[in-house]
2 protein chains.
Amino acid sequence: MGITLKELAAALDLSPTTVSRALNGYPEVNEATRQRVQLAARKAGYQPNTRAKGLATGRAHAIGHVIPLSTSHEIVNPIFADFIAGAGESYSRAGYDMVLSVVADDAEEDAYRSLIARGTVDGLMVHAPRHHDSRVALLSELGCPFMVHGRTSEVTSPYSWLDINNKRAFQRATEFLIELGHKRIALINGLETMDFAIRRRNGYESAMQAAGLALDPALIRSAEMTEPFGYRAAQEMMRQPVPPTAFLTSSMLVAYGLRRGLVDLGLTLGREVSVITHDDDLSYLPNGGDVPLFTATRSSVREAGRKAANMLLEVVTGRAAPPLTCLMEAALVVGSSTGRLRQ
Amino acid sequence: MGITLKELAAALDLSPTTVSRALNGYPEVNEATRQRVQLAARKAGYQPNTRAKGLATGRAHAIGHVIPLSTSHEIVNPIFADFIAGAGESYSRAGYDMVLSVVADDAEEDAYRSLIARGTVDGLMVHAPRHHDSRVALLSELGCPFMVHGRTSEVTSPYSWLDINNKRAFQRATEFLIELGHKRIALINGLETMDFAIRRRNGYESAMQAAGLALDPALIRSAEMTEPFGYRAAQEMMRQPVPPTAFLTSSMLVAYGLRRGLVDLGLTLGREVSVITHDDDLSYLPNGGDVPLFTATRSSVREAGRKAANMLLEVVTGRAAPPLTCLMEAALVVGSSTGRLRQ
DNA sequence: ACAATTTCTCAAAACGCTTTGGGCGCTAAC
DNA sequence: GTTAGCGCCCAAAGCGTTTTGAGAAATTGT
């Protein structure tokens, strides 16, 4: 708690009004006084009290992020750290605070209600939307500006979102494998309660069907995206009577596991078996160095965070009217984990 | 923004004073009226405005976390997500908000100053302390309650912290390897600007020296903890004239990379070469299933988050006087990545 | 039955800021 | 030389709470 506006004003022998105006760039104050005020403020380390300012202006200058923690499988989405980092950059630049609420998903709606009712935030970011997600309807009804990182289905009302083109990315990746001669392509997906996973599966299925290839349920698997899951998937699938010759997966971590499972079986990636992964470009999960290890559909989640936050700020400050949407395309980067099918 | 206290009072035909007291559990209000007020408040979905409450009480009911983003190598610490999740649990339980500030590390001090001066938070959590870290001195001087996740050296004044016994963990792990007959043990450490990395190195070195083993600089390496780093370390070290027979590393991700590097060279973990890793028990980086894959020094960072937050709340609410400290021991769990040295 | 308590309730001030609605002293205009 | 206009500044109200200091009503004591 530093110095107060009143104190600063007293020290300058000015009224609080004038000091406030001088600092907030209002025109009706003499340029000389403004300089004097600004200098004094800087020297005294004066920063306006957030709460008082918020009370007076009716705005919190803060954005809320609610991080759902699945009650059944308590996994924190690894995406989250980089997205937050990106969003945080945008908020600081704009002078906004970020308030985080980590809650079990059965208490999630209350968390949103509370954040809004208490006036703690001016806007909300919705993370990890499920395929059927009631949060969008709830927030629309509550009338608080919000932005979804991803999308959700079966929502009638328009809403703001930023998503990557998951379907297209996985469609292209599948086509790429098909062009290399692969016919039995496995999909090791994330949890299919999540919207992004459904879209990825759709992309995979369209490409397969367009190429006249059968969809074998034995080649599709979905679970929480971890390394051991990838390992098990590889091991089990390769022991099938007619094993896949290529894998498509949703995360670097799963790809690590796949690679280990395949290598354990004496297979070489890019030769006997191909792997394409989605790469969120997480700072702590680099896909090799300059030249990518895995062939991947890549899209920076950090950048997504930056963009989504900026869009939300546009809405919150009234510079743009919702709904704002942004569909980012993922790049298909070719690494050494894919190769032409060999008999 | 929901209903206001004044409105609620008017609807009940009571004064704001009485309503406030009824809701906050003050004794000087009739039990019958209290019931009436509470019911009405619940029905109207009344929640006190955070800012107004804060202004009146002089407390923000919020804790700040400043996440440093190294300007040189922009890696978000993967630890961070689970720690935040744990801390978040504690805060919600106590009715506190968490405000996050993601800043480049050259703007970090300003972030702390600002959070405090603007009265946005009642307390601060310090992440990822460096070996020499000016933040502790700064915060002590600013007089805001704070808690460090980890420790820092060469600080004269006492401060509150929660840390795991990094030195002891790595000492025990090294001893364990020595008992298995290993003499050439490599340390693949995190960045040694970080305090935890120094302590781990100390633990390793004490155990080596106590056993009369030479410290070979060629067997020690430190960098950002990623999978590719582990891979390179394994490959390069095993190509040395006298390669190590065991590895000790600071992170699951590095361990993944080590394993790949070693397996690529035709070595089997737990047979030709041993690996012990530190396992932060991150939800998305499980060390196998029920039976651990890697032998590891394990300590849940999620749990650390919960504890650290609770301790900070004790200080902030005045229930305890700083400094509060907590040293958690890591468990040494035995997996299949270690084995007796064979000639 | 009257004073002394105790119970319950309220009006008003305070928290630190922004914003509204003047007001004072100049200069420009007629 | 009055009026109008402008530039600069201020007092006071208001934001939604909590908290202080009192007061009315009900209860107790004698």
Side-chain angles (χ1 to χ4, degrees), chain A residues 1-38 40-41 44-62 95 97 114-122, chain B residues 1-38 40-41 44-62 95 97 114-122:
Chain A
M1 322 180 263
I3 190 180
T4 164
L5 181 70
K6 210 193 292 180
E7 290 164 4
L8 184 63
L12 282 163
D13 203 25
L14 284 172
S15 78
T17 311
T18 306
V19 175
S20 171
R21 291 198 150 137
L23 293 174
N24 291 321
Y26 281 78
E28 53 272 80
V29 46
N30 190 320
E31 199 49 36
T33 8
R34 186 192 304 283
Q35 297 296 342
R36 197 160 66 93
V37 170
Q38 285 178 338
Y46 169 76
Q47 308 244 138
N49 181 292
T50 313
R51 298 187 297 271
K53 183 167 193 160
L55 233 208
T57 58
R59 331 192 353 71
H61 265 262
D97 287 324
S114 165
L115 247 24
I116 295 171
R118 293 181 303 145
T120 308
V121 300
D122 296 330
Chain B
M1 320 191 265
I3 191 179
T4 163
L5 182 71
K6 211 191 293 177
E7 290 163 5
L8 183 62
L12 282 164
D13 204 25
L14 283 172
S15 78
T17 310
T18 307
V19 176
S20 171
R21 292 199 150 136
L23 293 174
N24 291 321
Y26 281 77
E28 55 269 83
V29 46
N30 190 321
E31 199 50 36
T33 21
R34 187 193 302 281
Q35 296 297 340
R36 199 161 66 92
V37 170
Q38 284 179 336
Y46 168 76
Q47 308 243 140
N49 181 293
T50 313
R51 298 186 296 273
K53 184 169 192 158
L55 231 208
T57 58
R59 335 196 344 75
H61 264 261
D97 288 324
S114 165
L115 246 24
I116 294 171
R118 293 181 306 145
T120 308
V121 300
D122 296 330

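What you see is a predicted model; the values in this text were computed from it and never measured. Keep in mind that the numbers below use all heavy atoms, side chains included, and drop hydrogens, waters and symmetry copies. Order of the sequence lines fixes the chain letters, A, B, ..., with proteins taken first and strands second; residue numbering starts at 1 for each chain.
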So Gln38(A) and Leu23(A), do their side chains get closer than 4.5 Å, heavy atoms only?
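Heavy-atom side-chain distance check passes, below 4.5 Å.
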
Between [atom2] of [N] and [atom1] of [X], the distance in whole Å:
X        : N       : atom1 : atom2 : value
Leu5(B)  : dA11(C) : CG    : P     : 13 Å
Lys6(B)  : dC10(C) : NZ    : C1'   : 15 Å
Gln47(A) : dG16(C) : CD    : P     : 16 Å
Leu23(A) : dC17(C) : CG    : P     : 10 Å
Lys53(A) : dC17(C) : NZ    : C1'   : 9 Å
Arg51(B) : dT18(C) : CZ    : C1'   : 13 Å

Between dT18(C) and Tyr26(A), is there an OP1 or OP2 to side-chain N/O distance shorter than 4.0 Å?
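Result: no.
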
Please check: side-chain N/O of Gln35(B) versus main-chain N/O of Ala32(B), any donor-acceptor pairing under 3.5 Å?
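No, Gln35(B) side chain to Ala32(B) backbone: no donor-acceptor pair under 3.5 Å.
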
Tell me if a side-chain donor or acceptor on Asp122(B) pairs with a main-chain N or O of Ala60(B) at a distance below 3.5 Å.
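Between the backbone of Ala60(B) and the side chain of Asp122(B) there is a qualifying donor-acceptor contact (under 3.5 Å).
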
Quick check for you: to the nearest 0.5 Å, what is the distance between Ile3(B) atom CD1 and Tyr46(B) atom OH?
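Going from the CD1 atom of Ile3(B) to the OH atom of Tyr46(B) covers 9.0 Å.
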
Rounded to the nearest 0.5 Å, how far apart are OG1 of Thr18(B) and CG of Asp13(B)?
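So the gap between those two atoms works out to 11.0 Å.
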
Contacts under 3.5 angstrom, residues 47-54 of chain A side chains, donor-acceptor by atom type, not counting sequence neighbours:
from     : atom 1 : to        : atom 2 : distance (Å)
Gln47(A) : NE2    : Ser114(B) : OG     : 3.3
Asn49(A) : OD1    : Arg51(A)  : N      : 2.8
Asn49(A) : OD1    : Ala52(A)  : N      : 2.9
Thr50(A) : OG1    : Arg118(B) : O      : 3.0
Thr50(A) : OG1    : Thr120(B) : OG1    : 2.7
Arg51(A) : NE     : Gly54(B)  : O      : 3.3
Arg51(A) : NH1    : Gly119(B) : O      : 2.4

Who are the side chain to side chain contact (heavy atoms under 4.5 Å, CB included) partners of Thr33(A), not counting sequence neighbours?
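With neighbours one apart ignored, the set is Leu14(A), Val29(A), Asn30(A), Arg36(A).
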
What's the shortest heavy-atom distance between [X] and [Y], and which atoms?
X        : Y        : answer
Pro16(A) : Lys6(A)  : CG-CG, 4.4 Å
Ser15(A) : Ala9(A)  : C-CB, 3.8 Å
Ala40(A) : Leu12(A) : CB-CD2, 3.8 Å

So if I take residues 28-38 of chain B and measure heavy-atom distances to DNA chain C, which residues fall below 4.0 Å?
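By residue number: Glu28(B), Val29(B), Asn30(B), Thr33(B).
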
Can you give me the first and the last nucleotide of DNA chain D (5' to 3') that has an atom within less than 4.0 angstrom of a non-hydrogen atom in chain A?
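Range of nucleotides touched by chain A: dC8(D) to dG16(D).
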
Strand-adjacent residues in residues 8-20 of chain B, judged by heavy atoms under 4.0 Å from DNA chain D:
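Residues of residues 8-20 of chain B that come under 4.0 Å of DNA chain D are, in numerical order, Thr17(B), Ser20(B).
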
For the helix from dA1(C)-dT30(D) to dC30(C)-dG1(D), measure the angle between the helix axis at one end and the axis at the other, each built from five pairs, rounding to 10°.
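The end axes of the helix from dA1(C)-dT30(D) to dC30(C)-dG1(D) are about 60° apart, to the nearest 10°.
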
